[in-house]
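Data first, discussion second: the structure below is written as structure tokens.
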4 protein chains.
Amino acid sequence: MSATAAAQKEQPATRFAKDQLKAIIERIERLEEEKAALVADIREVYAEAKGQGFDTKIMRQVVRLRKLDRADRQEQEAMLDLYLGALGMRH
Amino acid sequence: MSATAAAQKEQPATRFAKDQLKAIIERIERLEEEKAALVADIREVYAEAKGQGFDTKIMRQVVRLRKLDRADRQEQEAMLDLYLGALGMRH
Amino acid sequence: MSATAAAQKEQPATRFAKDQLKAIIERIERLEEEKAALVADIREVYAEAKGQGFDTKIMRQVVRLRKLDRADRQEQEAMLDLYLGALGMRH
Amino acid sequence: MSATAAAQKEQPATRFAKDQLKAIIERIERLEEEKAALVADIREVYAEAKGQGFDTKIMRQVVRLRKLDRADRQEQEAMLDLYLGALGMRH
DNA sequence: ACTCCAATACTTTAGC
DNA sequence: GCTAAAGTATTGGAGT
């Protein structure tokens, strides 16, 4: 069998993998699209707020800070878990 | 009126702005949450694919290239429209 | 003048740039070396501590958390600056 | 002895461990600081080079490649030593 | 020792 | 055009 023919008539396993890959890629692209839409929404909200006289720079900082606080709280919990675990305790 | 009293009994306009700002910030945070969920979903899809033997690095490149292609195509269409428009034609 | 000769006897400006680039690259490499040495030192300190019965996982978490706290404090200050700036005040 | 008193008057061994841990953590943090300073230095060198018209992206590639070369050379030397050692020779 | 996961550093893109 | 945020890739650490 020639190389060209081989390329035309792939192994079932390879074909399956190809289809599977295609499906996965398309699924990712759909998710990326949804994400892009959300990013656009967020941008729009900021723009509207700016139009109403709010300072977007400060707003972004506030959002960032509140997010950081949440992360910090989670870290503290993780720390507690770690300590309790080290002491042989579970909660 | 003392400064303290002023702080306790704000101007209606200020109060309104404050509530409005709060609403906007919370709306942004909700959108950010949804976005974070999507990012997590995408990461999970990649992780699954990796578990099935696919190379995620290459997959990411594929996704990026296809995105570029779409952008190019859109640009070309926009260019075509521009030219057709300049010639008084529509399609 | 042949191309080969030109390559051997470059323009002063080009030569200068080349020497300068060499110096910069070497400087970066020295800094990178120092950095690698520090990373090795840190790893060694953790290893020693482990040998004395300390839990490195917890230690790393502690270091991370303290770093996060510092970052948080800086963010708060930045926030304050931003607010004061927005109110036309400086400190 | 109540639990509270126990907490106030710890075992010598525990106290010692605590002080020791504190010392280790602080030592690590100092090393991390130095490391962060070096990272900042490196970034600054790149920034300066960029200001003088050098392409930082290419510079980074150069640094990376040279690092790889050094690693390769070390590997080859190690291999040579191994072979020579197997033949009962030293160099 | 080797694989998996986490973190850091680099790159690119978006906002101002 | 520059600064800052997001995404991506590489490195280092933990667990088996």
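On a predicted model such as this, the values are computed, not experimentally measured, just so you know. Naming convention: chains lettered A, B, ... in sequence-line order (proteins, then strands); numbering from 1 in each chain.
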Indicate yes or no: at least one non-hydrogen side-chain atom of D:V62 is less than 4.5 angstrom from one of D:L65.
no
Specify the separation, in whole Å, of atom CG of A:L82 and atom C1' of F:dA14.
13 Å
Along DNA chain E, 5' to 3', what are the outermost nucleotides having an atom less than 4.0 Å from a heavy atom of chain A?
E:dA14 to E:dC16
C:E32/D:R66 ion pair, N-O < 4.0 Å:
no
Give a yes/no on whether any side-chain N or O of C:T56 is located under 4.0 angstrom from OP1 or OP2 of F:dA14.
yes
Whichever of B:K50 and D:Y46 has the more 5' nearest nucleotide on DNA chain E, that residue is B:K50
Taking the nucleotide of DNA chain E with the closest heavy atom to each, which residue, A:R60 or C:K67, is nearer the 5' end?
C:K67
Indicate yes or no: at least one non-hydrogen side-chain atom of C:Y83 is less than 4.5 angstrom from one of A:Q61.
no
Within a 6.0 Å radius of atom CD on D:E77, are there more than 12 heavy atoms belonging to other residues, nucleotides or ligands?
no
Quick one: are B:L21 and A:M59 in side-chain contact, heavy atoms under 4.5 Å?
yes
Under 4.0 Å between a Lys/Arg side-chain N and an Asp/Glu carboxylate O for A:E34 and A:R30?
no
OP1 or OP2 of F:dT10 less than 4.0 angstrom from a side-chain nitrogen or oxygen of B:K57, does that happen here?
yes
Would one find a side-chain N or O of B:R43 under 4.0 angstrom from OP1 or OP2 of F:dG7?
no
Rounding to an integer number of Å, can you tell me how far B:Q61 CD sits from F:dT8 C1'?
11 Å
Among F:dA9, F:dA5, F:dG13, the nucleotide that comes nearest once only the side chain of A:R64 is considered
F:dA5
Rounded off to whole Å, could you give me the CD-to-P distance for the C:E44 and F:dG13 pair?
13 Å
Counting only side-chain heavy atoms from C-beta out, which of F:dA9, F:dG7, F:dG13 sits nearest to A:K35?
F:dG7
